[in-house]
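A short write-up of the structure that comes next.
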Amino acid sequence: MLDPRAIKQDPEPFRYNLSRRGMDTSPIDEFLKLDERRKETQVESEELRNVRNTASKEIGILKREGKDIAEQSAEVKKIGDRIKELEAELSGIEARTSEILACIPNLPHPDVPDGLDEGHNVELRSFGEKKYFSFTPVPHWELGESLGIIDQQGAVKISGTRFVVMKGKGAALERALINFMLDLHTNEHGYTEILPPYLANKETLFATGQLPKFEEDLFKTTGDPPFYLIPTAEVPVTNLYRDEIIDGELLPVRFAGYSACFRSEAGAAGRDTRGLTRVHQFNKVELISFTRPEESYNELERMTSCAEKVLQLLEIPYRVMLICIGDLGFSAAKKYDLEYWAPGQERWVEVSSLSNCTDFQARRGKIRFRPETNAKPALVHTLNGSGLAVGRTLAAVLENYQREDGSVEIPRALRPYMNGTEEITPA
RNA sequence: GGAGAGGUGGCUGAGUGGUCGAAGGCGCGCGAUUGGAAAUCGCGUAGGGGUAGCACAACUGCCCCUCGUGGGUUCAAAUCCCACCCUCUCCGCCA
């Protein structure tokens, strides 16, 4: 959520933000108009409350003196009725206002390039060389099938399309990747490990920005109130500090959360229909930071290098993309993607997305800190980034480590996590 | 699921209709004391919003709201009533 006061003070940057994103700027104007009405209504209702509070105190005194209060009571009751009317109007205005505010995306950092789609993302740097193969490398889903480690049929039978069953060494490799990533981030990068709930309430999803606007992307349980299946550990872990005032001394706070992630992939019909790239359920190790406002962009660089380290240790070629305004997403002010090179598909595939959400989520979730002892609480900045998406990393390993005979070498960094296994050969 | 207890400030904990945004304690800040510190003493210390002063911010004044959430009763609600959520204890069921 954006700062309503900032919008009132100077709406122009906010209109510009929306138009850069290719969106309609009318919510800003509707907000400003509604806020005028809110002000009038609120002032009137508060004035009346003041009158009533004063009168009520007087009645209290009269009553204690044993005097008749019938006349005054009736008078004040009328004021009360009028206050109720105004309140009803006010709450209607406020509901609409917060609905509008809740649906306006974050303001981007000045570095964020123009452009409405991923074609305008900017490559910042890359790591490693695309590996040379003396044969034609195949996509990971073919390797998964021939090696007997990904059971596509089984997944369809159990659940449907866009699910996977990992089997044998494939399951072990997935588990190894999770442990490898968690160990790296907790032992080397100073993150505290979190294993969060996979179901969350609507307040939680609101704070991180999935609700109310993107409900169709989520799975939701029946029952009242419903739960939502988390689309990323960012959601529960960021909410650990919802409605809290963090001791300023503790910042930055860094968490590494492993979780399964659930996404409906509404609107992705036909895209990435095969393999591990786009499924309804996948594993991810997520990095989450809470920082002082002035630290958040440094933290984004640091977090990005932590995620990059995973690919570097696995020796998988990747590039770092600066995400353009149209591809930025709702909550982020600046975002980097890491894309690995998939030789079997001859394309770059996103394996990590790292965002500085500035105070956008913090305002929605009232996540604050005390800058100094006895100072007023201020909003923290929140950041999140994949470190990494495990299924896609597994695909990256398979495609980059495949051999002509159909076997796959296990990256050296993962062998300690697989009881020394050096390769996966066809069953 | 059944029975009971309870949700109050950064924390703890009093408060059963008005003078309560709220005693006491802890913590924290400032000051006194000290060579310095500890101890002690004094003062201060919730959050949000509106409005006026103001170019803005800072600050100051006035006002409103907030004692789990939402309704209700009342001239007036932390306090009474209803619903819901959450926590704890016991019982039942269960991985």
Side-chain angles (χ1 to χ4, degrees), chain A residues 1-13 31-32 34-98 101-102 195 197-207 211 221 223-228 236 239-251 253 290 293-294 359 362-380:
Chain A
M1 201 148 71
L2 297 167
D3 181 2
R5 262 187 276 193
I7 300 178
K8 278 183 265 180
Q9 222 166 74
D10 181 12
E12 220 28 65
F31 164 76
L32 291 172
L34 273 174
D35 189 64
E36 282 303 311
R37 275 184 56 208
R38 191 223 81 234
K39 199 185 289 184
E40 291 165 20
T41 315
Q42 183 170 342
V43 167
E44 188 181 350
S45 126
E46 285 188 1
E47 278 169 359
L48 285 177
R49 273 177 194 275
N50 187 11
V51 171
R52 181 179 69 177
N53 289 346
T54 312
S56 284
K57 273 179 195 158
E58 282 165 12
I59 289 172
I61 293 166
L62 288 177
K63 199 180 172 191
R64 206 162 334 117
E65 290 170 351
K67 294 186 177 152
D68 180 46
I69 56 165
E71 194 181 320
Q72 285 88 339
S73 292
E75 202 60 34
V76 177
K77 188 171 174 59
K78 272 186 218 159
I79 297 173
D81 292 341
R82 175 66 185 146
I83 289 173
K84 256 178 205 166
E85 282 173 34
L86 287 169
E87 297 262 286
E89 193 184 340
L90 190 59
S91 70
I93 296 170
E94 281 174 347
R96 179 64 191 137
T97 305
S98 41
L101 284 175
L195 188 60
Y198 294 179
L199 297 176
N201 59 35
K202 67 173 192 304
E203 289 77 15
T204 293
L205 277 295
F206 178 85
L211 292 180
T221 64
D224 188 31
F227 292 113
Y228 294 87
N239 273 274
L240 275 176
Y241 285 122
R242 175 155 53 86
D243 296 318
E244 302 268 345
I245 299 170
I246 306 172
D247 180 355
E249 299 283 305
L250 296 177
L251 296 176
V253 174
F290 303 82
E294 63 274 20
D359 61 9
R363 187 171 292 106
R364 294 170 84 93
K366 295 190 180 62
I367 308 171
R368 295 173 296 176
F369 74 106
R370 224 176 270 283
E372 314 279 339
T373 352
N374 289 349
K376 286 239 169 211
L379 295 169
V380 299

Given that both distances must come in under 3.5 Å, which nucleotide forms a Watson-Crick or G-U wobble pair with [N]?
N: U16(B); value: none
N: A22(B); value: none
N: C30(B); value: G42(B)
N: A37(B); value: none

With a 3.5 Å cut-off and heavy atoms only, can you find an N or O donor on one side and an acceptor on the other between the side chain of E46(A) and the base of G49(B)?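 Per atom types, the contact qualifies.
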
Scan Q72(A) against the nucleic acid and name what it touches under 4.0 Å (heavy atoms): base, sugar-phosphate only, or nothing.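 The residue Q72(A) makes no contact with any strand.
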
Just to be sure I understand the rule, does K63(A) reach a base, reach only the sugar-phosphate, or reach nothing, if contact means heavy atoms closer than 4.0 Å?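 K63(A): base contact, heavy atoms under 4.0 Å.
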
Kindly point out which of [options] is positioned nearest to the side chain of [X]?
X: R52(A); options: A76(B), G18(B), G47(B); result: A76(B)
X: I69(A); options: C75(B), C65(B), G50(B); result: C75(B)
X: K84(A); options: U73(B), C63(B), G47(B); result: U73(B)

Rounding to the closest angstrom, what is the interatomic distance between G36(B) and G49(B) at atom P?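 Taking atom P in both G36(B) and G49(B), they lie 44 Å apart.
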
SB check E87(A) R49(A) (cutoff 4.0 Å):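 Between R49(A) and E87(A) there is a salt bridge, with a charged N closer than 4.0 Å to a carboxylate O.
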
